[in-house]
Peer 1: 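This is the structure I have questions about; it appears just below.
The structure displayed is predicted, hence computed values, not measured ones.
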Amino acid sequence: MIQHLAIVGATGVVGREFLKILEQRDPAIDRVSLLASPRSAGTKISVRNKEITVEATSAEKLAGVTVAVFSAGASVSREYAPIIARAGGVVIDNSSAFRMDPDVPLVIPEINAGDIAKHNGIIANPNCTTIMLLMAVAPIHRAFGVKRIVVSTYQAASGAGIEAMNELTKQSRDYLDGKERRAEIFPHPIAFNLFAHDSSVEANGYNGEENKVVNETRKILHEPTMPIAVTCVRVPIMRAHSESINLEFHDPVTPEQIRALFASSPGTKLVDDRERSYFPMPIDADGIDDVLVGRIRSDISRPDGRGIELFVSGDQLRKGAALNAIQIAESLGAAE
Ligand code: A2P
């Protein structure tokens, strides 16, 4: 039982999805508080047949909260999460603020639920791209030992928030109406285009998103030196991310062995129909909990059988954010 749950960023795209999943899964919670910026104070949102008024986030409003889920950006997390942790509550943080802090567990429950117990009041939800990647790669790594990962991503607008999704819709309309596609949220037109992920390029030539995937993957797998090469790309898709993944192994592995693994891997669904050329697609991943895994084939550049290629699609707002956070909250509730 969770005594007092606070959702910080309740009016945002992840916060709203969190509330939807809360209704569907209906975990035992005594009291829910909805918090956002002062702009949204007074807005009413119906949660489990009860109207709740959104309040401006403040230390005062967070007093007595036992579990808080933060999806309001890293600066809000940095300011308020430690206050809850110090008062004995637990924060599940969707931002990047604490992910690489050695005292903060970074958790995908299907993969490293055991790390939850090490928390000191803050548990970090990984980046959505890392979650999608590891839902496929972690079970494979556990079974066969992955030596190197190469991944290219096809990321939806939802990862950049509600205004970015609105920008995709507006630009698409404008483009079809023969008007200019004006980029205000993203740095470039997103409709009928794609571009390198919009996070800044860092000293090593990789952008922030790419470096997150590398660092978070190593932390979650407890493999601090795992070689990973990654290219993150934003595509004109509303809310499901896809990834093309190439894996190198120490020993030969067959596509049949990989397929057999996904016949029963929690949180994933095998979509791998060569005859119908039916593989994971964002259109099928949109709105569902499972990450779709398929396009499994032997890497033809490795005649020694030590390479596998695959493709995944997963809902960035569900397993990539809100669902993963609620799964962590449920494990906390179960432990109390
Ligand atoms: P608000 O709707 O009042 O601006 P998204 O990622 O979809 O853009 O959502 C961001 C979420 O973070 C929203 O709920 C937003 O509230 C919230 N937020 C933004 N800035 C702050 C802030 N300074 N304090 C608390 N919540 C904030």
Side-chain angles (χ1 to χ4, degrees), residues 7 9-25 36 45 69-73 94-96 108 125-136 151-176 181 183-199 209 212-213 216 232-245 267-269 271 279-294 311-327:
I7 300 158
T11 52
V13 69
V14 174
R16 296 268 183 182
E17 196 64 31
F18 189 90
L19 292 174
K20 213 190 279 174
I21 301 175
L22 208 59
E23 306 240 335
Q24 290 162 353
R25 294 171 80 98
I45 299 181
V69 176
F70 276 64
S71 306
N94 268 306
S95 83
S96 59
I108 304 172
N125 213 40
N127 173 280
C128 45
T129 310
T130 310
I131 295 180
M132 301 305 163
L133 175 69
L134 292 187
M135 287 302 287
V151 55
S152 299
T153 72
Y154 306 73
Q155 297 184 220
S158 54
I162 215 154
E163 290 181 3
M165 296 168 83
N166 293 340
E167 181 158 288
L168 171 57
T169 306
K170 180 168 188 313
Q171 282 184 9
S172 302
R173 280 212 184 92
D174 286 347
Y175 182 74
L176 293 173
R181 285 165 291 180
E184 285 166 358
I185 304 299
F186 284 124
H188 311 288
I190 180 74
F192 301 91
N193 189 30
L194 54 82
F195 45 82
H197 191 274
D198 32 290
S199 48
E209 183 84 349
K212 280 180 195 170
V213 173
E216 294 180 21
C232 289
V233 174
R234 194 72 81 177
V235 296
I237 294 286
M238 202 51 88
R239 56 179 274 166
H241 286 358
S242 300
E243 301 182 16
S244 166
I245 304 167
T268 67
K269 184 174 171 220
V271 180
F279 301 109
M281 289 189 280
I283 205 171
D284 290 333
D286 191 315
I288 66 166
D289 288 349
D290 284 341
V291 173
L292 308 178
V293 181
F311 196 83
V312 303
S313 288
D315 190 308
Q316 183 271 327
L317 295 175
R318 288 184 82 90
K319 185 58 192 168
L323 172 64
N324 198 71
I326 210 164
Q327 288 173 319

Peer 1: Specify the closest pair of heavy atoms between I45 and T11, including all atoms of both residues, with the distance to one decimal.
Peer 2: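 Scanning both residues, the minimum pair turns out to be CD1-CG2, 4.3 Å.
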Peer 1: Can you check whether G9's main-chain N or O pairs, donor with acceptor, with S71's side chain at less than 3.5 Å?
Peer 2: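 Not confirmed, S71 side chain does not pair with G9 backbone.
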Peer 1: Determine whether D290 and M135 satisfy the following criterion, side-chain contact (heavy atoms from CB on, under 4.5 Å), listing intermediate values before the conclusion.
Peer 2: CA-CA 9 Å; D290 284 341; M135 287 302 287; over 6 Å; no
Peer 1: What's the separation between atom CZ in R173 and atom CG in L168, rounded to the nearest 0.5 Å?
Peer 2: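 The CG atom of L168 is 10.5 Å from CZ of R173, to the nearest 0.5 Å.
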Peer 1: Has the side chain of R181 got a donor or acceptor atom that lies under 3.5 Å from a matching backbone atom of A191?
Peer 2: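 At least one qualifying donor-acceptor pair exists.
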Peer 1: Testing the basics here: between V293 and A136, what is the closest heavy-atom pair and its distance to 0.1 Å?
Peer 2: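 For V293 and A136, the tightest heavy-atom pair comes out as CG2-CB, 4.2 Å.
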Peer 1: Say you draw a straight line from CG of N125 to CD1 of I326; how long is it, rounded to the nearest 0.5 Å?
Peer 2: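 That separation rounds to 11.0 Å.
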Peer 1: Does the Q316 side chain pair with the main chain of C128, one donor and one acceptor, at a distance under 3.5 Å?
Peer 2: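 Answer holds: no.
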Peer 1: Look up atom CG in D315 and atom CG in D284, then write down how far apart they are to the nearest 0.5 Å.
Peer 2: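 Reported to 0.5 Å precision, the distance equals 12.0 Å.
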Peer 1: What is the minimum heavy-atom distance between V312 and M132, and which atoms define it?
Peer 2: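 Smallest heavy-atom distance, with atoms named: CG2-O, 4.2 Å.
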Peer 1: I'd like to know whether M281 forms a side-chain contact (heavy atoms from CB on, under 4.5 Å) with L292, so could you lay out the CA-CA distance, the side-chain angles of the two residues, the decisive distance to 0.1 Å, and finally the verdict.
Peer 2: CA-CA 8 Å; M281 289 189 280; L292 308 178; over 6 Å; no
Peer 1: Which distance, rounded to the nearest 0.5 Å, do you find between the CG of N324 and the CZ of R318?
Peer 2: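 One finds 12.5 Å between CG of N324 and CZ of R318.
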Peer 1: Is the count of non-hydrogen atoms from other residues, nucleotides or ligands lying under 6.0 Å from L176 atom CG greater than 12?
Peer 2: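 Counting other residues, nucleotides and ligands, CG of L176 exceeds 12 neighbours.
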Peer 1: Please report the interatomic distance OG(S199) to CG(N127), rounded to the nearest 0.5 Å.
Peer 2: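 One gets 9.0 Å once the value is rounded to the nearest 0.5 Å.
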Peer 1: Is it true that a side-chain atom of H241 and a backbone atom of A156 form a donor plus acceptor pair closer than 3.5 Å?
Peer 2: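 Checked: pair present.
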Peer 1: So which heavy atom on G15 is nearest to which on I7, and how close?
Peer 2: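 In terms of heavy atoms, the two residues are closest at CA-CG2, 4.5 Å.
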Peer 1: Say you draw a straight line from CD of E209 to SG of C232; how long is it, rounded to the nearest 0.5 Å?
Peer 2: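 These two atoms lie 5.0 Å from each other.
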Peer 1: Quick one: are S313 and Y154 in side-chain contact, heavy atoms under 4.5 Å?
Peer 2: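 Side-chain contact under 4.5 Å: no.
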Peer 1: Any chance CD of E163 has more than 12 other-residue heavy atoms, nucleotides or ligands included, within less than 6.0 Å?
Peer 2: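 No.
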Peer 1: Taking R234 as the fixed residue, which of L194, D198, T153 is the one that meets the side-chain contact (heavy atoms from CB on, under 4.5 Å) rule?
Peer 2: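 Only one of L194, D198, T153 forms a side-chain contact (heavy atoms from CB on, under 4.5 Å) with R234, namely D198.
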Peer 1: What are the two closest heavy atoms between L133 and E243, and how far apart are they?
Peer 2: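 Looking at all heavy atoms of both residues, the closest pair is CB-OE1, 3.2 Å.
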Peer 1: T129 and Q155: side-chain donor and acceptor closer than 3.5 Å?
Peer 2: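 Short answer, yes.
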Peer 1: Evaluate F195 against I190 for side-chain contact (heavy atoms from CB on, under 4.5 Å), listing each step before the verdict.
Peer 2: CA-CA 8 Å; F195 45 82; I190 180 74; 3.9 Å; yes
Peer 1: Any ion pair linking K20 and E17 (charged N to carboxylate O, less than 4.0 Å)?
Peer 2: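 Salt bridge: yes.
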Peer 1: Run the numbers on K170 and E167 for side-chain contact (heavy atoms from CB on, under 4.5 Å), then give the verdict.
Peer 2: CA-CA 5 Å; K170 180 168 188 313; E167 181 158 288; 5.8 Å; no
Peer 1: Taking the six-membered ring for Trp, are the ring centroids of F192 and Y175 within less than 6.0 Å of each other?
Peer 2: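 Aromatic pair counts; centres sit under 6.0 Å.
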Peer 1: May I ask you to test the R25-D289 pair for a side-chain heavy-atom distance under 4.5 Å?
Peer 2: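 Sidechains of D289 and R25: in contact.
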Peer 1: Which pair of non-hydrogen atoms, one from V69 and one from A325, has the smallest distance, and what is that distance?
Peer 2: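 Heavy atoms only, the tightest pair is CG1-CB, 4.1 Å.
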